[in-house]
Amino acid sequence: MKPTIPPPIEVRGSARQPLGMPPAQFLRDYWQKRPLLVRHAFPGFQPPIAPEDLAGLACEEGALSRLIVHDAARERWKVKTGPLAEADFARTGDANWTLLVQDVDKWDADVAALLEPFAFLPSWRVDDIMISYAEPGGGVGAHVDQYDVFLIQGQGLRHWAISTDPDAPRDVRPDVELKQLAHFEPTHEWLLEPGDLLYLPPGVPHDGVAFGGPCMTFSVGMRAPSQAELTGDLADYLAERLPDELRYADPDLAPAKAPGEIDRAALARVKAALPFAAALDEDTLRDWFGRFITRYRLAQQPAAPARPPGEAALRKQLDAGAELLRHPWTRLAWSRGRRGATLFANGEAWPAPPALAARLCAQRALRLEASPGEAELALLHALVEGGHLVLRKPRRR
Ligand code: SIN
Ligand code: CO
């Protein structure tokens, strides 16, 4: 079998083909797959906005702007979010800072015209054009973005370093609010000139630094909702349209064997009440429903004790005959899953030995007959720590 040669990472563009190839080829070989540097994507590129006008926009109420100054000697980063004031620029000096303004396409029709070459992409996938102005050494540090981006070099030079290593570490520095990477080893480095274009799919570590003089970069950024955002919005959308009378219903209810148990029949009824969630696996549905139903319409929470006992102290008290009282504002339920049982309390969940979970749900006051095992003690301790169970010392006779 012939080895497959990956498409080149660097190509040359032209006025006719800004990407150096037809859009269909770019989409097939690079889009959401691998980075691409296009030299001369926009030959003779003229920035549609002057740096002073960008600075002016950064001072407008409602414009999203950030001024980032890098103190290279102490490796500190200062971030000032807009609206900025003229005085902010007076202190910046002539190196190691950058101004970033998002959504400039919404404010300036000439900037918005830069989107035309990207009309082969669905317009609703486009987020904005962000423009950065930087003095030499200025940049935002090495980072990873969640979205595809086309970085058009507009003025001056920018040194770009990227990593195409799929195993490159992605952990971020804890000391900087810019989500900069803690480790960054570039696999490719280039100096981009006006009119050059760098395309990066999501998740590629990169670092762009202004080189030699003032630098403007135009970033055409895409947007793609996360599954979490899609799920949340769909749920809101459906909820708004469902009549209040449609509820969880159990006309087929049989007498409960263990009162706190969310059994198979209950889960089947939950599924019937949620037709759009039919594809959810049983464990996810069970975990969500257990958390949901134990905090549903709960007006208050028990207060957690200021000084809860440690596990050893709790065991001692239980062995000495102390009782565990369920807090009146605690709602419990439990359920058996494929990986053992779970106890739910006020929206939280813990792994639980089934016999103990059943007893905790059935009895408001509980005294153990034997010293608890490790799993039992861990569960009881978590509940005591959360204020769901309150210890009562044995009464003297
Ligand atoms: C820039 O500084 O212009 C680009 C920022 C980025 O890498 O996302
Ligand atoms: Co970026």
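Residues: numbered from 1 along the sequence shown.
- The pair R173-E75 counts as a salt bridge, with a side-chain nitrogen and a carboxylate oxygen less than 4.0 angstrom apart.
- Looking at D319 and S371, their side chains do bring a donor and an acceptor atom within 3.5 Å of each other.
- The side-chain heavy atoms of Y133 and C215, taken from C-beta on, include no pair separated by under 4.5 Å.
- Ion pairing between E374 and R315 holds under the 4.0 Å rule for side-chain N and carboxylate O.
- Judged by a 6.0 Å distance limit and a 45° cone about the ring axis, R28 is not positioned over the six-membered ring of F26.
- A donor-acceptor pair under 3.5 Å links the side-chain atoms of S65 to the main chain of A58, judged by distance alone.
- Side-chain atoms of T342 and R286 form no donor-acceptor pair, as typed in the model, at a separation below 3.5 Å.
- Each of F42, F150, F45 was evaluated against F218; a single residue qualifies, F45, per the ring pair (Phe, Tyr, Trp, His ring centres under 6.0 Å) test.
- One side chain, W190 or E10, offers a donor N or O that lies under 3.5 Å from an acceptor on the other.
- Side-chain polar atoms of T284 and D281 form a donor-acceptor pair below 3.5 angstrom.
- F289 is linked by a ring pair (Phe, Tyr, Trp, His ring centres under 6.0 Å) to nothing, counting only residues two or more places apart in sequence or in another chain.
- Taking the charged nitrogens against the carboxylate oxygens, R359 and E369 do have a contact shorter than 4.0 Å, which makes a salt bridge.
- Applying side chain to side chain donor-acceptor pair (under 3.5 Å) to H143 and the options K179, Q180, H206, R170 leaves one that passes, H206.
- No side-chain donor-acceptor contact under 3.5 Å links R158 to the backbone of G156.
- Results of the side-chain contact (heavy atoms from CB on, under 4.5 Å) test with V104 over D53, L64, V111 single out V111 as the only residue that passes.
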